[in-house]
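Chain letters run A, B, ... following the sequence lines, proteins first, then strands; residues in each count from 1.
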Amino acid sequence: MPELPEMETYRRLLAEQLVGRTLADVYIGREKSLNVPPEPFTRRVRGRTVNSIRRRAKHLIFDLDSGDHLLLHLMLGGWMFWGSEADRPERTIQVRLDTREGSLYFIGLRLGYLHLLDASALEERLQPLGPEPLQPAMSLEQWMNRMAGKRGRLKSQLVDQQVIAGIGNCYADEICYDAGIRPSRTCPSLVRQDWERLYASVQRVLLAAVRYGGYMEHPLYTGDRLTGGFDERCQVYDREGEPCARCGTAIMKESLSGRKLFYCPECQR
DNA sequence: AGATGTACCCGGACGC
DNA sequence: TGCGTCCGGGTACATC
C-alpha cells in the first residue's frame, strides 16, 4: 500500500533520525523478512553506521558504512515506527534495528522484506524499475515516449513499475481523477492533450501528497505531525458513494484487472 | 505485448 | 475472553 509519497515521507523523516547513527543491535522476529539467515544478517549489520537513506520507487535503501545496503519494500500493509520500547505500538514486530537513541520497528511485513545486499546485487534489483516520475529527467517528451506508445489500459500502465516507478493503486486513481480521464481508457484512445494533462497531474498529485506526508495512518514517531496528512485529501480512492468534490456525483467503484478502481463517472471521461 | 489467474503471506478484524 | 475464519493487495510468474 505504501507508494512513492509514503516512502518519500519515511525517507525524509528517517533521514533526520537515523543518518549518522550506529546500528547497535538487531532483533529478528520473522526470518522470512530477510534474504539471508539471521546470524550472518546480524553479523553484517550490527555495529554499522547508516551513511544515508535513499528512496527508489516504493523502496527505501539504507546505505551502511560497510558498503552493504538494506533494501526495504513494505508491500501491502507494512509500516514503521521510530521510538523506544515504551511508546512503540502494541503490534507484532518482524524486525527491529536498535541505536543508542532509539529503535526502528518494522511492522506488518507480510510480503514485505528487508534485504541485505552488496552494491552489485542492489543495482541488479533496482535495474528493471522505470524512471522516477518526479525527477527532472522525466520531461514531458520522455513521458510521451514511455506512455503514448502503449496499448493497454491507462491505469495498468500507471501502476506498472517497469513503465514508471512508484505509483500504486491509490495514486493511479487520484492522478486520473485530477486529469479528468477514466483509468479504464486504453492508451491508444488518448490524444496528446490527454497525455499532457496526465503528465501535469502526475507531478501535481505526487508533489501534493509528498508535501502533506502521504496517506499512511500510523505516525512514524510520537509527535509526528506530518505522516498521513494527505489521507483526507484523497478525492476518489476508497470513497465509493461519496460525492465528487467537483460535481457532487457519487464516486464509483469498479474492478480493473483484479484491482479496486475508483472514479467520478461525470468528471472523468 | 497485454490480460488474466494465482501463489505468496499472516496480522488482525470479525463472528459466534 | 477465546477460538476459528477470512481478507487484503504489490509483485513475480505462468499461461493464453
Side-chain angles (χ1 to χ4, degrees), chain A residues 1-11 27-36 38 55-61 70-81 88-96 105-115 117 121-122 124-133 145-176 182-190 206 209 214-218 231 234 236-240 253-263:
Chain A
M1 290 200 288
E3 307 175 33
L4 185 155
E6 289 67 45
M7 299 312 284
E8 182 62 20
T9 301
Y10 275 138
R11 187 199 62 74
Y27 161 82
I28 298 158
R30 177 180 179 269
E31 296 183 18
K32 282 184 177 179
S33 299
L34 313 177
N35 59 328
V36 296
R55 180 191 59 76
R56 178 74 172 96
K58 304 175 189 174
H59 301 85
L60 275 198
I61 302 155
L70 290 170
L71 179 67
L72 171 71
H73 197 308
L74 293 174
M75 289 287 222
L76 45 140
W79 51 288
M80 289 180 278
F81 183 81
R88 78 164 175 89
E90 293 199 16
R91 298 292 181 90
T92 306
I93 307 298
Q94 281 80 46
V95 182
R96 191 187 71 224
Y105 298 86
F106 297 83
I107 304 164
L109 294 186
R110 291 172 206 173
L111 302 182
Y113 53 81
L114 185 67
H115 284 181
L117 304 168
L122 176 68
E124 195 175 320
R125 287 284 291 276
L126 301 180
Q127 195 275 330
L129 292 170
E132 287 286 328
N145 291 339
R146 283 199 86 78
M147 300 296 290
K150 300 292 180 184
R151 291 203 256 139
R153 310 269 190 168
L154 170 59
K155 177 161 179 176
S156 301
Q157 303 305 322
L158 287 175
V159 300
D160 187 331
Q161 300 301 295
Q162 301 193 42
V163 174
I164 184 164
I167 298 171
N169 211 28
C170 171
Y171 289 107
D173 286 0
E174 294 297 323
I175 287 164
C176 290
R182 291 206 189 185
S184 55
R185 289 276 295 277
T186 62
C187 292
S189 76
L190 301 175
L206 293 181
Y215 58 60
M216 296 297 286
E217 58 180 313
H218 303 103
D231 187 42
C234 286
V236 288
Y237 193 74
D238 260 341
R239 295 194 180 280
E240 181 188 17
K253 177 182 180 181
E254 286 178 11
S255 180
L256 181 70
S257 319
R259 295 167 172 276
K260 286 192 293 186
L261 163 65
F262 300 88
Y263 68 100

- Message: Can you tell me how the ring of A:Tyr113 sits relative to the ring of A:His73, calling it parallel under 30°, perpendicular over 60° and tilted otherwise?
- Response: tilted

- Note on the structure: A:Arg30 has its side chain closest, among B:dG2, C:dG10, B:dC10, to B:dC10

- Item | For atom CG of A:Leu261 and atom P of C:dG8, their distance in whole Å | 16 Å

- Query: At under 4.0 Å, does any side-chain N or O of A:Ser257 touch on OP1 or OP2 of B:dA3?
  - Reply: no

- Message: How about CD on A:Glu240, more than 12 heavy atoms from neighbouring residues, nucleotides or ligands closer than 6.0 Å, or not?
- Response: yes

- Message: Please classify the nucleic acid contact of A:Gly152 as base, sugar-phosphate, or nothing, using heavy-atom distances under 4.0 Å.
- Response: sugar-phosphate

- Query: Given B:dA3, B:dC9, B:dG12, which nucleotide is nearest the side-chain atoms of A:Leu111?
  - Reply: B:dC9

- Check the distance between B:dG11's P and A:Lys32's NZ and give it to me in whole angstrom. 11 Å

- Query: Atom CD1 of A:Ile164 and atom P of C:dT11: how far apart are they, to the nearest Å?
  - Reply: 14 Å

- Message: Side-chain N or O of A:Lys58 versus OP1/OP2 of C:dT11: is the shortest distance under 4.0 Å?
- Response: yes

- Choose from C:dG10, C:dT11, B:dC9 the nucleotide whose nearest atom is closest to any side-chain atom of A:Gln161. C:dT11

- Message: Can a side-chain donor-acceptor contact be found between A:Arg125 and A:His59 if the only test is distance below 3.5 angstrom?
- Response: no

- Note on the structure: Separation of C:dG10 atom P from A:Tyr237 atom OH, nearest Å, is 6 Å

- Shortest side-chain distance from A:Arg153, nucleotide among B:dG2, B:dC10, B:dA3: B:dA3

- Query: How many Å lie between CH2 on A:Trp79 and P on B:dC10, as a whole number?
  - Reply: 18 Å

- Drop me the distance from A:Arg153's CZ to A:Ser257's OG, to the nearest 0.5 angstrom. 7.0 Å

- Message: Between A:Lys260 and A:Asp173 (salt bridge meaning N to carboxylate O under 4.0 Å), is one present in this structure?
- Response: no

- Query: Does A:Arg91 put a side-chain nitrogen or oxygen below 4.0 Å from OP1 or OP2 of B:dG12?
  - Reply: yes

- Within this structure, what is the CG-to-P distance between A:Leu34 and B:dC9, rounded to whole angstrom? 14 Å

- Message: Please tell me if A:Arg110 has a side-chain N or O lying less than 4.0 Å from either OP1 or OP2 of B:dC8.
- Response: no

- A:Arg151 has an atom CZ; how far is it from atom P of B:dA3, in whole Å? 10 Å

- Reckon A:His73 has a side-chain N or O less than 4.0 Å from the OP1 or OP2 of C:dG10? no

- Item | Whole-Å distance separating the CD atom of A:Glu6 from the C1' atom of C:dG10 | 14 Å

